[in-house]
Every structure is written in structure tokens, then in C-alpha cells.
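Data block below; observations after.
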Amino acid sequence: MLEEVRNSAAVGATSEEGTVMDELRQLEQAARSGKLNRREVLKRAAALGLSAPVIASLLAACARGEATPTTAPAAQTPAAQTPAAGASPTPAAQASPTPAPAARRGEGGLVKLLWWQAPTILNPHLAQGTKDFDASRVVLEPLADVNDKGELVPILAAEIPSVENGGVSKDAKTVTWKLKQGVKWSDGQPFTSKDVKFTYEYVINEATTATTISNYTVIESIETPDDYTVVIHFKNPNPAWMNVFVGPYGMILPEHVLRDYVGEKARNAPFNLNPVGTGPYKVKEFKPGDVVVYEMNENYREPDKPYFAQVELKGGGDATTAARAVLQTGEVDYAWNLQVEAQVLDQLEKAGVGVVEVIEGVNVERILINMTDPRKEVDGERSKLGVPHPWQSDLRVRQAYALACQRDVIANTLYGRAGKATSNILVAPARFVSKNTSWKFDLDQAAKLLDEAGWTKGPDGIRQKDGVRMEILYQTSINPVRQKTQEIIKNAFEQLGIKVELKSIEASVFFSSDPGNPDTYAHFYADIEMFTNGPSSTYPLDYMVSWYGKEDNIAQKANNWSGNNIERWQNEEYDKAYEQAQVELDPKKQEELFIKMNDLVVNNVVVIPLVHRNSVSGRAKNLTGLELSRWTDETWNIASWRRSS
């Protein structure tokens, strides 16, 4: 990133820009030499008006010259054995944590967490990866969150609005939230309804390029009749009123800290790396791409919480290393997203140090198919909307891809109890799950479709048409399960005569919100890519927006690749169904609309669903109080975590 800034300034820089670049060079040298500590670097970088990604690069330069707080666990991976195909998954979590006795604030000392995808930003409204939302949630809070039963739980709200208590109007066009009183930000300033309204104004400003904007475009206006009341008026009847200011995309921002960083200045805010929140902790130290150290927020409203005085959220490494650290060596207390081969995970758990937690998930591991051409650059961007992919625009080719994915083998041999093969992209809640789809593995039929599409094998066995060879780039994040999935699919594709180049990208880069990095999943500078996603609401518009074709929802240069539609797919029928679901109050029609959206995405092979994944994490045996929820951040109730004796 720093190199890109220097290069861009080398040509055509004004004298003022030249001065800034000189100061940047001096600052970078001071950071690398250790002459300035991180706090000083952060302060000077903000004064120069540098963007968050550039600041992150400078802090990373500091990090290279400083000791890392926690050494990444290292040990040998147990030899994997192939489990029996078709083994039944274990759907439920093992023994529930035992409630810990009452304890005083800060009595628990340090709790160590390991997220093998390291966070890079702590402002959830600019984030694109789960790691960033989870790390932000330790500091920032929404009005309400969603427990594993799909129930709303008040966080900054005093109560959950309903028709019965007058909080939700009968026409679903107005929702009134009553806020808790006496809540303070970590800097001591009072939290009020004006912060809620400010969060809306911050997100809805298109120049902010907030990744959460789609949840807020349904709002007509917000009133704040007093400090503890927020009245939201929607443009239309809104069955998804609970998607606003709730859950991962609903965290409230402090107006008094960010009022000068709305719009184009949003990404320059020091807040993005050192947020002020109402949650149980505040940031003590953040090394983007490495570690966040939190300390207690002395202004937190609950006098007996949090139990732990400090939280260390270490990032990086891989899922297997994380599993070993919590299950075998006990180096950490909690490890997130143990996407580890089933047999390896079972062996590690036998060490008896930690416990694997499995809850039914809502996410789907899928292959995304790029509808645009990742090779052709137009106006400084590739995969540009309006530049169709040379062969993936043909449905027959995409159908051939789907027929070449052996989903049961992937699910049973690699995931075990952590997942099952699926043909749907929407797998929860149950009332919205389609029964219309199916999948099969059939290379003969796939080859026939490619022949019909005019892509025939050349002398070297690679399919070609009009002088164009069918060679694809298949990318995902670094993870042993994902790399083995890539190998399984590559083998099948190459039997069809499709040449496949595999690319594995560091997770902190692949899931980064950095608009300057071409290797993020949102840039999608590849033909196909693979990752997991799912809804955070029981009325899952926040998830189905992923295929809404309105142009400003397409990930592209104009919105810093913050759009939700990564495949660049546009379908009028889908858009109409999505827009109707935004206002439909009839439960039966709601079910029909969500199933229709699922079926359109699956049948048009915009996505190839592979595995319905469960949520798998690991905890120390004595870590209690966890209430993991499939719908929200795993850190959502960290104030209640305890350690038993």
C-alpha cells in the first residue's frame, strides 16, 4: 500500500502533494526504525490525512520492529485419516458450559482468543470480513442482537419493540426504540438517541461507501424526540424492521467522535483503528493483520461485568493451528471457526484440553461464478460491470461447472460433523428453505453441455472456442480444507478439459476491505472463487441482497468494491422478488419470495452451493458463559464470559 502511494505521487504531484509524500516517507522510515511508537505514528498519520489502509500499513511497519504480544502456536499437524464416507454429522454442541459463580469486574485477568483470520479494521460499517465484525463487537454495540433461537435480545435498547407494546406500528412503517439510560461511551460522554440517528446519516451517505448501507436505504427519516427515544419511519411497510440497528450490521457509532469523518473522509478516521464504544472493552493496542488487545471499559454500565480484565484477540495462522492451540496445547482460551478436516479435529479433541462447540449453522460454503471478465481492464478496473465473461456468461458452461462438483465427498471427507452437502444458498430459517433444488455429480452430462456450447477439446486436451482457451483462475483464502476442496474440484474440471490455476490468498487480505488491494474477494479478479456466507437475520434480506442487481449494489471501483453483489449478476425477476420481499407482510407470500430468490440463484448457477456448514469453535474446558449464536458475532456476549475454577 505504501509503495502504491509513493508510485502514484511520483507522476504529476503538486508541490503540496510532494510535501505530503516527503512527510510520508519520513514517517515510514521512523516507523520502520522504531524511532516512533505506534501511538505517535497513528497521531502523525491522522494529521497528514492518510487513509485507514495506509495508516494500517504504517502500523504494520511498526509491528515488524516490535515484539508480537503472542507467539503464534506451532506444532505438527496430526496425520489425517479418511473417515468413512457418509458418516453422520454431530449436529448439537457437546456439554454445555457450566454457569460460573458470581464474580467481580476484572477478576478473571486475561482471556486469549484466536481468530485465524486477523482483523484489519474495527469500524464494522466499513468492514467486509467476519473477523472485522467480531473484533469490532467487543467494543461497539447495536440496539439489539439475536440469540441462537432467533430471538431479539436488547443491548442498548431498554426493550424490544413490538405491536403489543406500541413499539411497532400496525402498518410496519414506524418503529420506536426506547434506549437504556445512563449508558456512556468509553471516553465518558453520554450515549443518546442522537448517536443512533448519526449512525444512520453516516452509513447512508454514499461517499462513506459503507458496506452496511443496504440495511438502511429503507429508512425515510429518523426522529429523536428526547435523548432516549428513537422513532424510525420507513419508506414502505417493512417486515425486516429488525434488520436496522440490530446485529453485526447495526452497531452504533459515536457522533462526537466521527462527526468530522462522514462521507469521503470516513476512511481517514483514526476511529477505524481505535474505536470509542459502549461495549465492555476498549482498545489498548491494535496491530492490523496481527492482534487486538482490549482492556476494560471503566464506563461500562453493568457493575459486575466484564469478568476478564483484558482480552487478547490474536489473528493469523490457520484453522488447524487454532484448533491445536485450544484443544491440545491450551495456549488460548477460545478459537473461532475451526474449519479443520474432520479427522484432524477429532484427534485434536481427544487431547482433552479443550472442547469443540458445534451449533447448527446458517452459512453455505459456495463457489461464486464471475459474470464479468477478470482479464480485461477497463477504466482502471477488471471484472467490470458491462464487460461479460467470455464463456461463463453461457448458462450451459455454468451448469457444467455445477455437475463437476462432488459435494458429498467434500462434505463427508473434509467437514464431517461440521457440514453437509447442499443444493441451496439459503439454508435458514427453515420456513424459507427451498425443496425444489437438487444436485448431482455427472461428468458425462457436463462434457455434453460444454460440447453443445461450442467449447471442444483442442490437440492438447484443453477446451477452446474461436481461438480462446478455457483456462480459469480459481481463488480462495488459505485454509487446508479449502485447498483440498480446490484440489477435488480442479481434478474434476480438468477431466472435462478445463485448465485450472489455483490461487490461495492470505485470509486477512482476501477478506480485507482495502480498496487498493486487487486480491480481495470483492474485487473478484478471478473466474471463480470460494468462501462462506450466510444471513444474520431471521428475515434474511441482509443476505439475499447479495444478488440484488441494482448498480450501486454491485462491487466495483465506484463504491470502493463495497457493493454486496460480488458475482456482478443482474436478473430482473430476482430484483422484483427482492423488492417485493422488502415490503411483503403476508407470511405465506414471504416464504414464496425467499424460495424463489434461492431457486433463481441456484438454477442460473450464479453460485454453486457446496456445504451447509455448522458453526464450529473450540473453548477451554473452564471457559463458561458463552451463548454462541448462529445469527450474530461470536463475541456478542463477551461481557458474560467467565472462567470456572
Side-chain angles (χ1 to χ4, degrees), residues 1 3-4 53 116-118 120 128-131 289 315-321 337 339-341 364-377 380-384 387 389-392 397-398 400-402 404-406 410 414 462-463 468-533 555-557 561 566-568 605-611:
M1 174 58 70
E3 189 65 26
E4 290 179 10
W116 53 271
Q117 294 178 12
T120 55
Q128 289 185 313
T130 301
K131 58 193 172 45
D318 56 60
T320 305
T321 304
N337 188 14
Q339 190 178 11
V340 178
E341 281 184 75
V364 174
E365 184 83 6
R366 84 286 300 277
I367 289 178
L368 292 79
I369 299 180
N370 195 343
M371 297 295 174
T372 57
D373 192 344
R375 298 168 184 78
K376 186 175 291 183
E377 182 170 318
E381 65 178 315
R382 292 183 274 149
S383 297
K384 186 175 177 60
V387 182
H389 193 283
W391 59 83
Q392 291 178 180
V397 172
R398 303 197 300 273
Y401 285 2
C405 294
Q406 206 164 4
I410 294 168
L414 300 181
I462 306 300
R463 290 184 182 268
V468 178
R469 290 161 59 85
M470 189 174 278
E471 299 177 344
I472 69 171
L473 178 62
Y474 175 9
Q475 69 179 17
T476 188
S477 63
I478 294 176
N479 173 281
V481 172
R482 288 197 167 126
Q483 270 67 80
K484 292 193 176 182
T485 303
Q486 282 184 306
E487 291 291 347
I488 291 171
I489 291 173
K490 176 183 179 179
N491 179 55
F493 275 36
E494 293 194 337
Q495 289 183 56
L496 291 173
I498 304 169
K499 187 174 183 180
V500 180
E501 178 187 352
L502 301 181
K503 184 175 182 179
S504 303
I505 302 167
E506 180 68 39
S508 62
V509 173
F510 188 62
F511 296 108
S512 166
S513 57
D514 181 358
N517 195 319
D519 282 336
T520 71
Y521 76 92
H523 280 74
F524 204 174
Y525 286 177
D527 299 285
I528 62 175
E529 66 181 8
M530 181 173 66
F531 59 87
T532 288
N533 201 0
Q556 56 187 313
K557 182 180 177 181
W561 288 274
I566 306 301
E567 299 89 343
R568 285 76 161 164
V605 201
V606 185
V607 165
I608 304 172
L610 297 176
V611 178

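Residues: numbered from 1 along the sequence shown.
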Any non-hydrogen side-chain atom of F524 less than 4.5 Å from a side-chain atom of R568? yes
Where do E381 and Y525 come nearest, in terms of heavy atoms and distance? CA-OH, 3.7 Å
Find out whether L414 and I488 are in side-chain contact, i.e. whether some heavy atom of one side chain is under 4.5 Å from a heavy atom of the other. yes
What pair of heavy atoms forms the shortest contact from P609 to R366, and how long is it? CA-CB, 4.2 Å
Provide the closest heavy-atom pair for R482 versus T476 in the form atom of the first, atom of the second, distance. CD-OG1, 3.1 Å
Less than 4.5 Å apart, any side-chain heavy atom of D519 and any of E506? no
Within-4.5 Å side-chain heavy-atom neighbours: Y474 and I498: no
Please give me the minimum heavy-atom distance between I528 and I472, naming the atom from each residue. CD1-CD1, 3.9 Å
When you measure from the side chain of H523 to the backbone N and O of F510, does any donor-acceptor pair fall under 3.5 Å? no
If only atom types and distance count, is the side chain of N517 paired as donor or acceptor with the main-chain N or O of V509 below 3.5 Å? no
Taking all non-hydrogen atoms of both residues into account, name the closest pair between P374 and S383 and its distance. CA-OG, 3.4 Å
Within a radius of less than 6.0 Å around NZ of K499, do more than 12 heavy atoms belonging to other residues, nucleotides or ligands occur? no
Do R382 side-chain atoms and E377 backbone N/O form a donor-acceptor pair below 3.5 Å? no
Is E365 close to T485 at the side-chain level, that is, under 4.5 Å between some pair of heavy atoms? no
Look only at the side chain of R375 and the backbone of D527, and say whether a donor-acceptor pair between them is shorter than 3.5 Å. no
Are any of the side-chain heavy atoms of M371 and V606 separated by less than 4.5 Å? yes
Looking at side-chain heavy atoms only, is the closest gap between P390 and D373 below 4.5 Å? yes
Validation row: I489, I410 side chains within 4.5 angstrom (heavy atoms): yes
Closest heavy-atom contact between A522 and W561? CB-O, 3.4 Å
